[in-house]
Amino acid sequence: MYRTYRQSLFVHLRAVLQEKFQVEIARLTVEEPPKVEMGDYALPIAFELARTLRKAPRKIAEELVAALGSVPGFTGFEVAGAGYINCRLDRGPVARKFVEVEQWLPPLDYALLEHTSINPNKAAHVGHLRNAILGDTLARFMRWGSSKSLSFMPPRVQNYIDNTGVQVADVVVGLTHLEEMDLSGVKRWMETLRQSNERIDFVCWDLYARVSQWYEAGLDQKEARKQIRLDTLHALEAGSNEMAVIADLVSTAIVRRHLETMQRLGIEYDFLPRESEILHLHFWDAAFALMKEKGVLYQETQGKNAGCWVMRRAGTAGADGENPDEEAKVIVRSNGTVTYVGKDIAYHLWKFGKLGLDFGYSRFHTYPDGEECWISTEHGEEPHPSFGHASVIYNVIDSRQADPQNNVIEALYGMGFTKEAENYHHFSYEMVALTPRCATELGYVISEEDQSRPFIEVSGRKGFGVKADDLIDKLIAAALVQVNARHPERSEAECHSIASKIAIGALRYYMLRYTRNTIIAFDFQDALSFEGETGPYAQYAVVRAANIFRKANITPADALRAFEKIDAAAYFSGEDGDSLWELWLLASKSVHMLERCIQSTEPAYMAKYAFQLAQQFSNFYHRHHILTESDPNRKAVLLATAAVAQRELIRALAWMGIEAPDVM
RNA sequence: GGGCGAGUAGCUCAAUCGGAUAGAGCACCGGCCUUCUAAGCCGGGGGUUGUGGGUUCAAAUCCCGCCUCGCCCA
């Protein structure tokens, strides 16, 4: 609603600017006055026009105000400060409008959103949680934004599985060389794990760390061991051998664990494309042919890259005729093997439907809500949902991968796929690191140098990090202590369900509250906090509102219907009315915030918004004791205020994958 | 050496791509539970936005130099 009136204000302003001053402003900026009593929107337009019109800003503002006349939904415009135009909404009618339900629009095309993408060789850790939570939240934003008054594309969510990469190879080396198992041994081992309820991803977490040490240990054997690693990697890539079968068994089992972990947070996927199929279905061959045809690849004849197929890098001069382009990106090495970037280009050509090849698909997992998750295979089942052929893609990948991502984008530009390159969004975010204190708590020995740093990078190779499931378990346990103390009458199952929602709320909020390019220095103390700017704080506001309605024996929907019959304008005036209106105004900004979040791919704005809304509601809650209000009309207005605030808060939280429990 | 990002209150972070008095949380100090749940509310102290210049009505934000830190590439 805030958004609707904002747009209507734009339309009127543009018309007036055109008519009165014959100017067109491509981007109109709208701000908010520092205080509610000053108005609901602030236009700094007069400042911008001062130069071109050679007039004082205040004078321009006055003329504009006169020309604007009356605009539906607005009571007036006034000049403030050095030349701001402050716009006031007609509070009573606008509030009534806000109570109405929005209309639906049919979805258009779809957007391919890829996130999580954990190497299937170890347990998920906090860094992966940030990725998955950011990605899932963006998916939720887009899902809503495609089905209601905004016109964004609905997402299809993919989780890329690098099941033939070096990390999986490392675990296979661990099993075959450190544990000295063959295929049947691995099968027996996995069966033992199943029976003892041990998690394969946890066991491999340690095994992976051990293998990494094993490679380094023993100077005389170092080379031989590195060769074992390389041979194993090549075996996985080739497929159809014992190593590849072991890799497939282990990585698939771990992928299932990752899916379970993410499911605890309400995160689901539509499709799991795997690197094994990209290799075995020869995606690269098709891409190679296409790249040569389009002229983005050439074979270097001299210099260090002689014999390689290379691609010119973005922002470099390139070859000058005499000297080879030493900065060019190698796509195919002189020995004929394809680099990671090469495979990635092929995969992204598939994403945009430009490769001419497709995966086979088979069902992999069915979620409790009935949604199905598919996985790539060589020979799939029919019928299957359609993937690929996206017009817009989002890749949720941390900022360290910016270079490889840009290489793919560069290749798309080079091949003439300009539209695709422009619609390729690297959703970049900074890593999650550990505070030195947290690392020490976990029992790691920290060097003196690291002690003084604000954070230390996690490392799967060293087995250094916080496992996602351990963190979730800790959060639930911490929440459970408080739930049990507050609600001794509730059953164990009920308490656990409430504690889970609080834990998920705390975790998801924690991962979302930081803007994307802020490095999160993870600390249990912060993550386990349920006070202040946290998920549970916002959930608590929802619960309190629910308590009011329960005690008042009225539903929020009834409260809103009752409100429609009242002339509320009187209750929105005066000092008290201002503070009441402030809450309505903030509540009405939810969809506007959603639009901003999707456009800027910045979920942190939603987290901030939800917190502010909860904060203002808490303030309102303490200020007005609704149930004892004697004036029936005023009581109805207060109830409607609580209903509106609660409704928008629930919505904002839902967009972030956070649900408030019934009681807290 | 090149590229990207960061530097704001004691700590952790915001600041709607240049706007009105730079805001929150944590921590600290002081108040508020017999009224809809204190996971809460109210009040207080705390800032030369790393640094030096520049651009203009207006700079944490844009431009140039320097310093520090992180990541990526070679």
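Because only heavy atoms are used, hydrogens play no part in the values below, and waters and symmetry mates are left out as well, while side chains stay in.
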Strictly by Watson-Crick or wobble contacts shorter than 3.5 Å, is anything paired with [N], and which nucleotide is it?
| N | value |
| --- | --- |
| B/U35 | none |
| B/C28 | B/G44 |
| B/U56 | none |
| B/A6 | B/U68 |

Next item on the list: Scan residues 539-552 of chain A against RNA chain B and write down, sorted by residue number, each residue with any heavy atom closer than 4.0 Å; if none is found, say none.
Entry: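 Those residues whose heavy atoms fall under 4.0 Å from RNA chain B, taken from residues 539-552 of chain A in numerical order, are A/Tyr540, A/Val543, A/Arg544, A/Asn547, A/Ile548, A/Lys551.
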
Next item on the list: Mind listing the residues from residues 35-43 of chain A sitting with a heavy atom below 4.0 Å of RNA chain B? Number order is fine.
Entry: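 Nucleic-acid contacts, sorted: A/Lys35, A/Met38, A/Ala42.
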
For [X], which contact category applies under a 4.0 Å heavy-atom criterion: base, sugar-phosphate, or nothing?
| X | value |
| --- | --- |
| A/Val483 | base |
| A/Glu531 | sugar-phosphate |
| A/His624 | base |
| A/Lys304 | sugar-phosphate |
| A/Tyr537 | sugar-phosphate |
| A/Pro33 | base |
| A/Val30 | nothing |
| A/Leu627 | base |

Rounded off to whole Å, could you give me the [atom1]-to-[atom2] distance for the [X] and [N] pair?
| X | N | atom1 | atom2 | result |
| --- | --- | --- | --- | --- |
| A/Arg513 | B/G23 | CZ | C1' | 14 Å |
| A/Arg596 | B/A15 | CZ | P | 8 Å |
| A/His622 | B/G43 | NE2 | P | 12 Å |
| A/Glu31 | B/A15 | CD | C1' | 12 Å |
| A/Asp526 | B/A27 | CG | P | 10 Å |
| A/Met664 | B/A38 | CE | P | 13 Å |
| A/His625 | B/C33 | NE2 | C1' | 12 Å |
| A/Phe455 | B/U12 | CZ | C1' | 13 Å |

Heavy-atom closest pair, residues [X] and [Y]:
| X | Y | result |
| --- | --- | --- |
| A/Pro536 | A/Gly505 | CD-C, 4.3 Å |
| A/Tyr514 | A/Ala604 | O-CB, 3.6 Å |
| A/Val36 | A/Trp581 | CG1-CD1, 4.1 Å |

Margin query: Closest-nucleotide mapping onto RNA chain B: is A/Tyr2 or A/Ser618 further toward the 5' terminus? I mean the 5' end.
Written below: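 Upstream on the strand: A/Tyr2.
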
Notebook entry, point to check: Which residue lies toward the 5' end of RNA chain B, A/Phe47 or A/Glu533, if each is placed at its nearest nucleotide?
Noted result: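 It is A/Phe47, whose closest nucleotide lies nearer the 5' terminus.
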
When the [atom1] atoms of [N] and [M] are considered, how many whole Å apart are they?
| N | M | atom1 | result |
| --- | --- | --- | --- |
| B/C28 | B/U49 | P | 28 Å |
| B/G23 | B/A38 | C1' | 25 Å |
| B/C69 | B/G18 | C1' | 28 Å |

Look at the side chain of [X] and the backbone N and O of [Y], then say whether any donor-acceptor pair between them is shorter than 3.5 Å.
| X | Y | value |
| --- | --- | --- |
| A/Arg516 | A/Thr601 | yes |
| A/Asp450 | A/Pro436 | no |
| A/Glu430 | A/Ser399 | no |
| A/His487 | A/Met664 | yes |
| A/Tyr609 | A/Ser590 | yes |

Under-4.0 Å side-chain N/O to phosphate OP1/OP2 contact, [X] with [N]:
| X | N | value |
| --- | --- | --- |
| A/Gln615 | B/G25 | yes |
| A/Asn619 | B/C41 | no |
| A/Arg453 | B/G70 | yes |

Notebook entry, point to check: B/C33: syn or anti, with syn meaning chi within 90° of zero?
Noted result: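 Judged by the O4'-C1' to base torsion, B/C33 sits in syn, the angle falling within 90° of 0.
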
Item checked: Matching residue for A/Trp584 among A/Phe617, A/Tyr571, A/Tyr2, A/Phe563 - test: ring pair (Phe, Tyr, Trp, His ring centres under 6.0 Å) ->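 With A/Trp584 as partner, ring pair (Phe, Tyr, Trp, His ring centres under 6.0 Å) holds for just one option, A/Phe563.
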
Check: So does A/Asn86 reach the base of B/A20 with its side chain, donor to acceptor, closer than 3.5 Å?
Finding: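 Answer yes: a donor N or O sits under 3.5 Å from an acceptor.
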
Check: More than 12 heavy atoms of other residues, nucleotides or ligands under 6.0 Å from CG of A/Asn553: is that the case?
Finding: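 No, because the 6.0 Å sphere around CG of A/Asn553 holds 12 heavy atoms or fewer from other groups.
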
Notebook entry, point to check: Would you say the side-chain atoms of A/Asn547 and A/Arg550 include a donor-acceptor pair closer than 3.5 Å?
Noted result: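 A pair is found: one side chain offers a donor N or O, the other an acceptor, under 3.5 Å apart.
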
Checklist line | Minimum-distance nucleotide (side-chain atoms of A/Tyr605 versus B/A20, B/A39, B/A15) | finding: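 Ranking B/A20, B/A39, B/A15 by closest atom to the A/Tyr605 side chain puts B/A15 first.
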
